[in-house]
K.L.:
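Have a look at this one before I ask anything.
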Number of protein chains: 2
Amino acid sequence: MNEQASGHRAGPVRSAAARDAILAATARLFQGQGYDHLTIEGIAKEAGVGKQTIYRWWPSRGALIAECLTDGRLIPIDFDVPYSGDLLRDVEEWLGSVLAILETPHGAMLLRSLVAAAAEDAEVGDHLSASLGVDRHLAERLAAGIRDGQLAADAPVELLGHAVLGTIIVQSLTRRPDVAGALRELVRYLVAAR
Amino acid sequence: MNEQASGHRAGPVRSAAARDAILAATARLFQGQGYDHLTIEGIAKEAGVGKQTIYRWWPSRGALIAECLTDGRLIPIDFDVPYSGDLLRDVEEWLGSVLAILETPHGAMLLRSLVAAAAEDAEVGDHLSASLGVDRHLAERLAAGIRDGQLAADAPVELLGHAVLGTIIVQSLTRRPDVAGALRELVRYLVAAR
DNA sequence: TTGAGCATACGCGACGTCTCGTCTAGAGAC
DNA sequence: GTCTCTAGACGAGACGTCGCGTATGCTCAA
């Protein structure tokens, strides 16, 4: 009568293959066509899966996207910030690798899609900045900069990370050219010795 | 045979009443229900107008939103930055009036809707930062701060404006509490004498 | 024998196009 | 001036399509 400690019960267990196929298809279609144009039926067909199998496990399109994000399936690269001792140089290098992706038309579309998804779904929003490495990597690197005396002790590192990410987003939403140059100028100002 | 220089032609001219009813209905529904849930058919019904009258003049939902933005129908308040001579105080006051709107649940939803619309439609993106007064007012006030010697001469005022706006957006997308406190801390850091 | 899985039908709502009939306002003849 | 003529805007809504989320079989593995 009692379930075992491991949580066993009668009947088959959730198919890892189906889960993986669904998430992979979601990521593929999301990157290929953007958030609008992403449909549950399209995902089901692409994954070779019944619609109900998706609805059984995910309540919404947003939840699907959020899980792809945490699985690292939407932003395959892990943007970590190098540590050479020179804060400005390291941050600029991080920025370069982020922008190298985001400045392609495909990357710009990807970012806008992520923003659209985040605006619509709270769960996606929660994971957005983390997935771009802003929380884990950039803020940490800035904090190290404070320890090294290269940044003011009262600098709000977390907020500066969000400010950089936010600037990228604004530039992207307003379809500015030369995002890279502008961003470099901004971080140079933000990180400049005070 | 030739049309007159004024571009006259036979037949009735575009109805200003219909245009106004449509834009007013769009703004009303946008603010009431958000960008998703905003439908052309709903707008037509709300405005007491045929669908075709909308499709005749606007190619997309985004174009409709963009026109509401430039008409000042979505963000009725014009957030201009005061000039007291004290840069930090003025910027914080501007921030306060912006956040007073954005921190209500309704305002937060409005901002997320604007971001979603901007992510989906380039035309909306073009007008987003302008409508929040970031371009016209904040950047100008920062520039005046440089003239007054209260901000570094090399400060990229336009970018700082986008950084503040971007931070607001990121905080909003990630559903952070205490946006106001965080933002105040950020601008205090950005505007601090160097 | 239970429940995950695939497949598919269903009602619903919104899409964007199209076609009605009505109405309006400039153009051209008188 | 007045009186048609006509292009085109307008409200209304039907149309086919698409995707939604739900419901119902049926198969198969644990």
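To find a chain, count down the sequence lines: A is the first, B the second, and so on, and within it residues start at 1.
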K.L.:
B:Thr53: which residues meet the side chain to side chain donor-acceptor pair (under 3.5 Å) condition with it, sequence neighbours left out?
P.N.:
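Partners of B:Thr53 by the side chain to side chain donor-acceptor pair (under 3.5 Å) criterion come out as none, since no residue qualifies.
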
K.L.:
So, OP1 or OP2 of C:dG5: does either fall under 4.0 Å of a side-chain N or O from A:Trp57?
P.N.:
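Yes, within the criterion.
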
K.L.:
Quick check on contacts: within residues 18-46 of chain A, what sits under 4.0 Å from DNA chain D by heavy-atom distance?
P.N.:
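Within residues 18-46 of chain A, the residues near DNA chain D are A:Thr39, A:Ile40, A:Glu41.
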
K.L.:
Output a table of nitrogen or oxygen pairs between the protein and nucleotides 4-6 of chain D separated by less than 3.5 Å.
P.N.:
none

K.L.:
Tell me, please, which residues at least two apart from B:Asp20 pass side chain to side chain contact (heavy atoms under 4.5 Å, CB included).
P.N.:
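Only B:Arg73 meet the side chain to side chain contact (heavy atoms under 4.5 Å, CB included) criterion with B:Asp20.
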
K.L.:
Any idea which heavy atoms bring A:His127 and A:Ala66 closest together, and the distance?
P.N.:
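Shortest heavy-atom separation between A:His127 and A:Ala66 comes out as ND1-CB, 4.0 Å.
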
K.L.:
Taking B:Arg112 for the side chain and A:Glu120 for the main chain, is one N or O donor matched with an acceptor at less than 3.5 Å?
P.N.:
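It does not hold such a pair.
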
K.L.:
What is the distance from CD1 of A:Ile54 to P of C:dA4, rounded to the nearest Å?
P.N.:
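Interatomic distance, CD1 of A:Ile54 to P of C:dA4: 16 Å.
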
K.L.:
Please tabulate the protein-to-nucleotide N/O contacts below 3.5 Å involving nucleotides 17-20 of chain C, giving atom names and distances.
P.N.:
{"from": "C:dC18", "atom 1": "N4", "to": "B:Gln52", "atom 2": "NE2", "distance (Å)": "2.4"}

K.L.:
Answer yes when B:Asp154 and A:Arg188 have at least one side-chain N-carboxylate O distance shorter than 4.0 Å, and no when they do not.
P.N.:
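A salt bridge is absent here (no side-chain N lies under 4.0 Å from a carboxylate O).
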
K.L.:
Pick the nucleotide of DNA chain D nearest each of A:Ser60 and B:Pro12; which residue has the one closer to the 5' end?
P.N.:
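This one resolves to B:Pro12.
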
K.L.:
Can you tell if the side chain of B:Leu114 reaches within under 4.5 Å of the side chain of B:Phe30, non-hydrogen atoms only?
P.N.:
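Side-chain contact under 4.5 Å: yes.
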
K.L.:
Salt bridge check: are A:Arg19 and A:Glu67 linked by an N-O gap of less than 4.0 Å?
P.N.:
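Salt bridge flag = yes for A:Glu67 with A:Arg19.
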
K.L.:
Answer yes or no for A:Arg14 and A:Trp57: cation-pi contact, defined as NZ/CZ to six-membered ring centre under 6.0 Å and angle to ring axis within 45°.
P.N.:
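So A:Arg14 does make the cation-pi contact.
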
K.L.:
So does B:Pro82 get a backbone contact from the side chain of B:Arg141, meaning a donor-acceptor N/O pair under 3.5 Å?
P.N.:
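Flag set: sc B:Arg141 to bb B:Pro82 pair under 3.5 Å.
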
K.L.:
Are more than 12 heavy atoms, taken from residues, nucleotides or ligands other than A:Arg175, located less than 6.0 Å from that residue's CZ atom?
P.N.:
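Correct, the count exceeds 12.
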
K.L.:
Please tabulate, for side-chain N and O atoms in residues 37-45 of chain A, each donor-acceptor pair with protein atoms closer than 3.5 Å (sequence neighbours left out).
P.N.:
{"from": "A:His37", "atom 1": "ND1", "to": "A:Gln33", "atom 2": "O", "distance (Å)": "3.4"}
{"from": "A:Thr39", "atom 1": "OG1", "to": "A:Gly42", "atom 2": "N", "distance (Å)": "2.8"}
{"from": "A:Glu41", "atom 1": "OE2", "to": "A:Lys51", "atom 2": "NZ", "distance (Å)": "2.9"}

K.L.:
Below 4.0 angstrom from OP1 or OP2 of D:dG11, is there any side-chain N or O of B:Thr53?
P.N.:
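Checking B:Thr53 against D:dG11: at least one side-chain N or O falls below 4.0 Å of OP1 or OP2.
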
K.L.:
C:dG16 C1' sits how many Å from B:Arg56 CZ, rounded?
P.N.:
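So the two atoms are 14 Å apart, to the nearest Å.
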
